[in-house]
There are 6 protein chains.
Amino acid sequence: MRPSGRTVEQVRPIKITRNYTKHAEGSVLIEFGDTKVLCNATVEEGVPRFLKGQNQGWITAEYGMLPRATNSRTQREAAKGKQTGRTMEIQRLIARSLRAAVDLKVLGEYTITVDCDVIQADGGTRTASISGACVALHDALSGMIEKGVIKHNPFKGLIAAISVGIVDGQALCDLEYIEDSNAETDMNVIMTEDGRMIEVQGTAEGEPFSHDELLTLLALAKNGIDTIITAQKSALGID
Amino acid sequence: MRPSGRTVEQVRPIKITRNYTKHAEGSVLIEFGDTKVLCNATVEEGVPRFLKGQNQGWITAEYGMLPRATNSRTQREAAKGKQTGRTMEIQRLIARSLRAAVDLKVLGEYTITVDCDVIQADGGTRTASISGACVALHDALSGMIEKGVIKHNPFKGLIAAISVGIVDGQALCDLEYIEDSNAETDMNVIMTEDGRMIEVQGTAEGEPFSHDELLTLLALAKNGIDTIITAQKSALGID
Amino acid sequence: MRPSGRTVEQVRPIKITRNYTKHAEGSVLIEFGDTKVLCNATVEEGVPRFLKGQNQGWITAEYGMLPRATNSRTQREAAKGKQTGRTMEIQRLIARSLRAAVDLKVLGEYTITVDCDVIQADGGTRTASISGACVALHDALSGMIEKGVIKHNPFKGLIAAISVGIVDGQALCDLEYIEDSNAETDMNVIMTEDGRMIEVQGTAEGEPFSHDELLTLLALAKNGIDTIITAQKSALGID
Amino acid sequence: MRPSGRTVEQVRPIKITRNYTKHAEGSVLIEFGDTKVLCNATVEEGVPRFLKGQNQGWITAEYGMLPRATNSRTQREAAKGKQTGRTMEIQRLIARSLRAAVDLKVLGEYTITVDCDVIQADGGTRTASISGACVALHDALSGMIEKGVIKHNPFKGLIAAISVGIVDGQALCDLEYIEDSNAETDMNVIMTEDGRMIEVQGTAEGEPFSHDELLTLLALAKNGIDTIITAQKSALGID
Amino acid sequence: MRPSGRTVEQVRPIKITRNYTKHAEGSVLIEFGDTKVLCNATVEEGVPRFLKGQNQGWITAEYGMLPRATNSRTQREAAKGKQTGRTMEIQRLIARSLRAAVDLKVLGEYTITVDCDVIQADGGTRTASISGACVALHDALSGMIEKGVIKHNPFKGLIAAISVGIVDGQALCDLEYIEDSNAETDMNVIMTEDGRMIEVQGTAEGEPFSHDELLTLLALAKNGIDTIITAQKSALGID
Amino acid sequence: MRPSGRTVEQVRPIKITRNYTKHAEGSVLIEFGDTKVLCNATVEEGVPRFLKGQNQGWITAEYGMLPRATNSRTQREAAKGKQTGRTMEIQRLIARSLRAAVDLKVLGEYTITVDCDVIQADGGTRTASISGACVALHDALSGMIEKGVIKHNPFKGLIAAISVGIVDGQALCDLEYIEDSNAETDMNVIMTEDGRMIEVQGTAEGEPFSHDELLTLLALAKNGIDTIITAQKSALGID
């Protein structure tokens, strides 16, 4: 029995609130149970130096946790003067995933930055960030079309992410914190809405995992991602 | 006529939501119109080195703005590797003000850190932070009493803060962003619930101000602070 | 009785030495009793990026304390790798105050940086910095006129600053260190030579202060600032 | 045809030189074709603060590239003042993988740090680092046994890592730089010598990848890792 | 003819003012012509970690230049967030030199930090720093004896430093800025009062220098250092 | 008797391996006994800002030690976030020395950066760096000529560096670590192949040194440098 009473394949209640703040071109609060992440997409003209003159756009991301998003307070990175390795790893993952959802050539010389800030953490903050960021990105791109900034929408399709893992020998979908911290194996899967993979990151925290366990986890992930994609579509009002 | 249709002495609608997140010992979302600040109070054992062995506690504060809390995106301080002078100035002000609400000797060797993170900015983020942080601090201290961590409540009384200013020659209470950015004089006032001053910071952004203007601003501030104190009491359920 | 034998409204002996060093366009050593600050004004062509193309100049300031300006050695900020919040707050205050003394449109696209370095500290270093920096600024602008760099002098009038406070229930003017460290209320006031206010920063270090106490402090400040303005004029050889 | 003339499943020539430098407790130069990484293991008494008093040891890793290990010079991280996100991500991966090879309880309160410094890069530096670091770690632990520092060897078995990927629609094992920079999908796999997985990181650089492609890549990786394990055993003189 | 009208072997007018500031245990303003450096010595109990328990003291030094000590403004190191290589090199040199003047065993577990801050620069700031710092150190040690902090004076003898160089083929003593910036060879020499060498640093800025030129420069340096030692003794009132 | 059995004037076995890595324009591994330094020269178009438009090139250098190049592990500077004063001092020395070997006007607007990374340290890493870097620089310049990038070779002649010192009252050439750490006087000498001096840095670590000792050390250095120049020529195949 899981702490929340969920079945092994069950995803936590998902809530996606669009236009959560008023300034950003796309602003989404995504909730996976008690995990709450605010995803704000900002559109700016121009591209980073390494892309100058290549007639393409860029998508980047930054990730942060409010100091008391966690059970005990974590030191503010701004006060410490640097981002941790974990933060850098996560924001690189978010950005890489989002770029798979967009045709950068069609976007043209614009940069979209998605800020994912964790308001409250209860496991799965990086996958919630990606799933929410995709909706914020969608809204930002739609806004560009509406304002006539770009003519063709470079959005290629929704992407979503889920964490799965093995806890006490049992494969589970969408780990909450208490499960995650006891997992022997932890895996983050990011997929397109047509079921192809953008990123798979499986890590043995305790014992190494077998090929069969990997397959079981991938199947759970596929299932969970379908649920998230449905929630994203519902929030966006697309069938 | 003010952009919001308010009278010169009118404060924006105030909304105070307690227990906004689940981990912090005190967690308050305070809203002044479109300005929204999350204030999380954390209680930790021990005191900073400079207070060791002096049988007293400490209150400190940190302030941050989500990158897209503002109209155009501001660079993330954690990514930049340092806090701006503005941020440091504000968090020093918040902490100093909160310490005026607490008897540190009665608190004993505990440190309370209040994190004020601006979710959405529309003027007056530092004063909203102080007014919200005071409620979060109150909740954190009450929790310490309930859990028997301390015997006597060191809370001395509510404090609240407001910004006032002169815009186009007119003294106004509780400036929103569009007013604030055109103000000739800008003043932040922090008071106790019995109407005494903890901090007064008046700055001429354009023309210097006269003694009479100072008095007018102080009167507006006093009035606004009474409204905030009422809202704090209502949120806390103390008449 | 004050430690120095001064009356409550008496300012310490003020000494202003112009051309203290030979390289700066304006170089002033200001002494308030044992507080000694070297204020060097540097004129450079061009303005910061945010002012490009706006046909106006800029005044900025930096503040530092020699490590042994104080009673016990403070760590060198350059060695530590960052400026403290206190330093940033002070240099922002100095710059803001100086900008009130100059018509930036008339200055044109030049930046004047005033470095205030505390050689010896005995209370009131920020107010001494402002009062000395104004003289250095005056000299730098006069030099620009003399060299024909600019045609019209953008100087609008002298400004000066003083600290006042309440110590043992008694309002005092121009606190020296021993008084400052025991003050219940500490207030810095910056005024133009015609008696209008540029900045008022009053802080209750212990008990909150009343409206009447505020008025008493402002009166003391006004008086002290008159004395400083007289000293500035005398140093500059004007009327 | 691959640039090197290899078959799709063929690993580059592997060379493992033990005792490459004289100071480290384990010192291995590992070469995968033109990729050369120096892996130095250091044994130190004590553990990081978060493990104090838990009767266990710790394995950590740091990764660096000499500025001219690459085709064009990359800025020295020490000069820049910070490690890139890529570096942090890689050294976290190396450390996590190595910890899977050791029973930290048996190690006791010692910390082993493995420094992986890339002398020359031609693709696969992170996987070469892990494969070489495991040998250096083995030597360091054997040395501890020989010197009587610990009684029981905490080494649980060899681990090795390989990169595989899809280039021009073709799945390939052990990508060299020119292949890696054109890969549509890139996957790093870390396994134990008994064929279980420690980490799987698959990333779509271009098009998302299918479930079947994932399986093909895993099979290639399993094969490549067997070759590396054989090379490690041969270098260590264990059959 | 030198710009100042000096002969080749002539040192600029030297002025040494003791007790220049009131807080430091030794405080000396040293002037070599227009080069002015404030040297403040601070005595603190305890030694750095690497010397703990070795029954000896430590002498260290820090060096800084006020931003406008130079002809054009140099960026403040505290604002930039790091010390330049030049600064680090100089303060290491000062500290190393001063340690040659003191018997660290006799000093016992105290650390003396000498801060050398350049108020005005006109060439030779590092050698003026060393020559002034030695006097400040002498005063600090004498103060320790007077207060009974230590019983035996660990001072071994005066040290002094001078810069010499070859300008337009001519060997010169005590270069001022205009000479220094045109020197083909620049050499700093630090000696004890009995004429032995503590440090010799000769650098060819343009053409390499010959053995004979080295000898000529050393002779000039010896002569100049005698003059400085005489000035130090006169300032200290010893024979 | 020296630990290595060498005579007082004998240099350790020198080994110079050119083309040690494949990417750099000049790549040299230099070994002085157990001291091994990899020197990679990188040619890039353009010059630093302070040389723009002056029709000349620039030579710079960076120095690093692998964390376990030393007997006990030293903290990685990239992880610490800054280079030590020692590192900065050494890389400034290397660059200054190399610039004496090149006519920067003839080089034209190119920058050559030589990275000296210590793989294994056993004393004399800075002098080995300079001696090896000169060969790498020679190769980089020859390559520019071969590729027709520049027409005339700006190389003016070989330079080499050696450390000499006084250990137990005995002057020795080419100190290894155990000698260096016990030296009373330590001196680094850098010379051109025609025997003129580029840099002389003599430091008394214990007792000050006499004029005669200086002369003895210079003679030893001259002798050692001749040996190194011979080894450089042999490696470069120039008689």
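Worth knowing before you read on, the calculation uses all heavy atoms, side chains too, and leaves out hydrogens, waters and symmetry mates. Since the structure is predicted, the reported quantities are computational estimates derived from the model, not experimental observations.
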Neighbour count >12 (heavy atoms, 6.0 Å) for atom CD1, E:I178 = no
request  = Answer with side chain, backbone, both or neither: which region of C:L66 has an atom nearer than 4.5 Å to a non-hydrogen atom of chain E?
outcome  =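 Contact with chain E: side chain only.
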I'd like a table of the N/O donor-acceptor pairs between chain C and chain E - cut-off under 3.5 Å, distance only.
| from | atom 1 | to | atom 2 | distance (Å) |
| --- | --- | --- | --- | --- |
| C:Y20 | OH | E:Y20 | OH | 2.7 |
| C:K22 | N | E:Q120 | OE1 | 2.6 |
| C:K22 | NZ | E:D34 | OD2 | 2.8 |
| C:H23 | O | E:R68 | NH2 | 2.8 |
| C:H23 | NE2 | E:A69 | O | 3.4 |
| C:H23 | NE2 | E:A121 | O | 3.0 |
| C:E25 | OE1 | E:R68 | NH1 | 2.7 |
| C:E25 | OE2 | E:R68 | NH2 | 3.1 |
| C:D34 | OD2 | E:K22 | NZ | 2.9 |
| C:T42 | OG1 | E:R68 | NH1 | 3.0 |
| C:E62 | OE1 | E:R73 | NH2 | 3.2 |
| C:E62 | OE1 | E:R76 | NE | 2.9 |
| C:R68 | NH1 | E:E25 | OE1 | 2.7 |
| C:R68 | NH1 | E:T42 | OG1 | 3.0 |
| C:R68 | NH2 | E:H23 | O | 2.8 |
| C:R68 | NH2 | E:E25 | OE2 | 3.1 |
| C:A69 | O | E:H23 | NE2 | 3.4 |
| C:R73 | NE | E:D115 | OD2 | 2.6 |
| C:R73 | NH2 | E:E62 | OE1 | 3.2 |
| C:R73 | NH2 | E:D115 | OD1 | 2.7 |
| C:R73 | NH2 | E:D115 | OD2 | 3.3 |
| C:R76 | NE | E:E62 | OE1 | 2.9 |
| C:R76 | NH1 | E:D117 | OD1 | 2.9 |
| C:R76 | NH2 | E:D115 | OD1 | 2.8 |
| C:R76 | NH2 | E:D117 | OD2 | 3.0 |
| C:D115 | OD1 | E:R73 | NH2 | 2.7 |
| C:D115 | OD1 | E:R76 | NH2 | 2.7 |
| C:D115 | OD2 | E:R73 | NE | 2.6 |
| C:D115 | OD2 | E:R73 | NH2 | 3.3 |
| C:D117 | OD1 | E:R76 | NH1 | 2.9 |
| C:D117 | OD2 | E:R76 | NH2 | 3.0 |
| C:Q120 | OE1 | E:K22 | N | 2.7 |
| C:A121 | O | E:H23 | NE2 | 3.0 |

